[in-house]
Amino acid sequence: MPAAAVAAASASARAAAPWGVPASATARRTVNPIRALVDGLALEPNPDKPVIALSIGDPTIFGNFGPPPEAVAAVRESLDSGRYNGYAPCAGYKEAREAVANYVSYPNAEVEFKDVVLCSGCSSALEMCITALCDPGQNLLVPRPGFALYRTLAESIGVHIRSYNLMPERGWEADLRHLEQQADARTAALLINNPSNPCGSVWRPQHLRDLLQLARRLRLPVIADEIYEHLVFPGERFVPMASLTSEVPILSCGGLTKRFMVPGWRMGWIVIHDPIGAFSDEIRKALNMLSQRTIGSNTIVQGALPAILENKHKTFFEDTSRTLQEHAALVFGLLSRIEGLRPVMPQGAMYMMVGLRLQDFPAIACELTFVERLMAEESVFLLPGQCFDFPGYVRLVLTAPPEQLREACERIAAFCLRHRQPQPATASAAADHVGLPFVQEPRAAAAGGYGNP
Ligand SMILES: *Cc1c(COP(=O)(O)O)cnc(C)c1O
């Protein structure tokens, strides 16, 4: 049959069939593990108790945290100027990129505007980095527990995830031996997240150096998700990964989202650190090309960026980190007293992971059931650890007002008391990280121990 006739025959066969439009393979590979898990839970609250949702990582939802007023004024000014309604260059306006370069430059890690690509939030920065560095069939090393988006972004483009373990008993530091075992010839990059969601941990410079040394030995570029940069409790110190190396190429991802409490503004960035020229022009060009797929980020916020980032917002930052620390201390104190729970004190970000000694709760098979029953009986909603690939734990957000945090902890205490039937420890439970009681190692005196890089 001539080609035209074949085309006509297949067109008429299509016309005869019912019209269904299939989703693409990429779309079908795109899965949000949190949604998939949470949508599968039975989450009916107790009608007699108002719901306290300590599940959502958006600091603005309770109304007690908001942006610094100067940042809001800067956006208003940007809009009113009428100068930011058009397209910007895809990687962002030079002034805005320069403002980010000044904001993130540290001794040993100075960057210029051309090292910065503005993105639509840190998620978009991560997407571009993963897409720029990883081919389908390759793999990406990510932390476990870790932010679920890494998996979503990688797997949607056919990149496999290999998880390396973080150790709760060591302040959630990475198990370097396990990390190294995950790497192979198909490993394209090492992703680290510091400070961490969901752990709230802030890694010591020495641990960052150990990771860098491993990355150098394995010849892996690093994607550093540093969206919680500087969001650390008083006395703790955030050290940017790039400031600790003169050898390892790093794409650092950040943004306004968390520190400035403005997730909805969708302003993030990639900062290219290339001390030995390993990325060369190739990766710069790749990131610039990828930024053209969406024609860049929101220009109103770009117009405001220089004013936002030049201001030190000293009181604002001090207030937020002190408040978050107070919230963490309150929750840690209350949960530590509950038999069967093992909260891990964070040093930053806005979350706390809490281990469940499940063998103490015979009617509760796993942390998913714990989450469901807690909601049904006490109307308190926590995210199950499986959302972060870490069963046996739950994550709670610390941004709720203290009255609600206290009330939630009291309800959790009542719930645990009702369900607890301590069992003698068994060998198999002790072998499992979930059941293993541990003493959190005291942090090396926070301020003294962590020198400036
Ligand atoms: C919130 C969050 C992001 C995403 O931030 P956006 O700027 O809102 O896209 C990225 N990484 C981690 C670890 C986060 O918690």
Side-chain angles (χ1 to χ4, degrees), residues 32-35 54-61 65-67 71 92 96 100 103-104 116-131 140-154 156 161 163 166 172 174 189-203 222-232 238 240-241 251-271 290-291 294 296-298 301-302 305 308-309 320 324 346-353 383 385 387-390 395-399:
N32 175 340
I34 297 192
R35 275 266 65 82
L54 300 182
S55 51
I56 306 165
D58 179 342
T60 69
I61 52 170
F65 286 104
V100 173
Y103 177 71
V104 303
V116 175
V117 179
L118 300 184
C119 308
S120 188
C122 184
S123 333
S124 147
L126 290 162
E127 193 219 354
M128 283 168 56
C129 292
I130 294 171
T131 308
L140 173 70
L141 305 183
V142 304
R144 172 172 59 211
F147 189 49
L149 185 70
Y150 309 140
R151 179 180 291 275
T152 305
L153 294 175
S156 73
I161 286 295
S163 300
L166 308 184
W172 298 107
L190 164 64
L191 191 149
I192 67 112
N193 174 215
N194 179 55
S196 155
N197 175 9
C199 305
S201 48
V202 181
W203 281 339
V222 172
I223 301 173
D225 181 350
E226 297 180 322
I227 187 66
Y228 294 96
E229 63 179 346
H230 304 296
L231 200 57
V232 300
F238 164 77
M241 191 136 194
L251 299 178
S252 167
C253 300
L256 295 183
T257 304
K258 302 287 172 26
R259 191 180 188 206
F260 290 80
M261 308 273 173
V262 288
W265 288 10
R266 310 311 300 138
M267 178 50 65
W269 48 73
I270 302 165
V271 181
L290 289 171
S291 75
T294 55
S297 67
N298 166 354
V301 181
Q302 286 191 36
L305 262 188
I308 294 174
L309 297 179
T320 41
L324 285 168
Q347 296 91 41
M350 37 183 78
Y351 315 98
M352 184 184 293
M353 288 286 269
L383 276 190
C387 290
F388 309 97
D389 207 2
F390 211 68
R395 185 198 76 171
L396 44 86
V397 305
L398 300 170
T399 47

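First listed ligand is number 1; within each ligand, the first listed atom is number 1.
- In this structure, Thr294 has no side chain to side chain contact (heavy atoms under 4.5 Å, CB included) partners at least two apart in sequence or on a different chain.
- For Asn32, the side chain to side chain contact (heavy atoms under 4.5 Å, CB included) partners are Ile34, Arg35, not counting sequence neighbours.
- Residues Phe65 and Leu324 form a side-chain contact, since some pair of their non-hydrogen atoms from C-beta on lies under 4.5 Å apart.
- Protein residues lining ligand 1, listed by chain and number: Gly121, Cys122, Ser123, Leu126, Phe147, Tyr150, Asn193, Asn197, Asp225, Ile227, Tyr228, Thr257, Lys258, Arg266 [non-hydrogen atoms, distance under 4.0 Å].
- Counting heavy atoms from C-beta outward, Phe260 and Met267 have side chains that stay 4.5 Å or more apart.
- Looking at Met352 and Leu398, their side chains come closer than 4.5 Å, going by heavy atoms from C-beta outward.
- Residues forming a side chain to side chain contact (heavy atoms under 4.5 Å, CB included) with Ala71 (at least two apart in sequence, or on another chain): Pro68, Trp265, Ile308.
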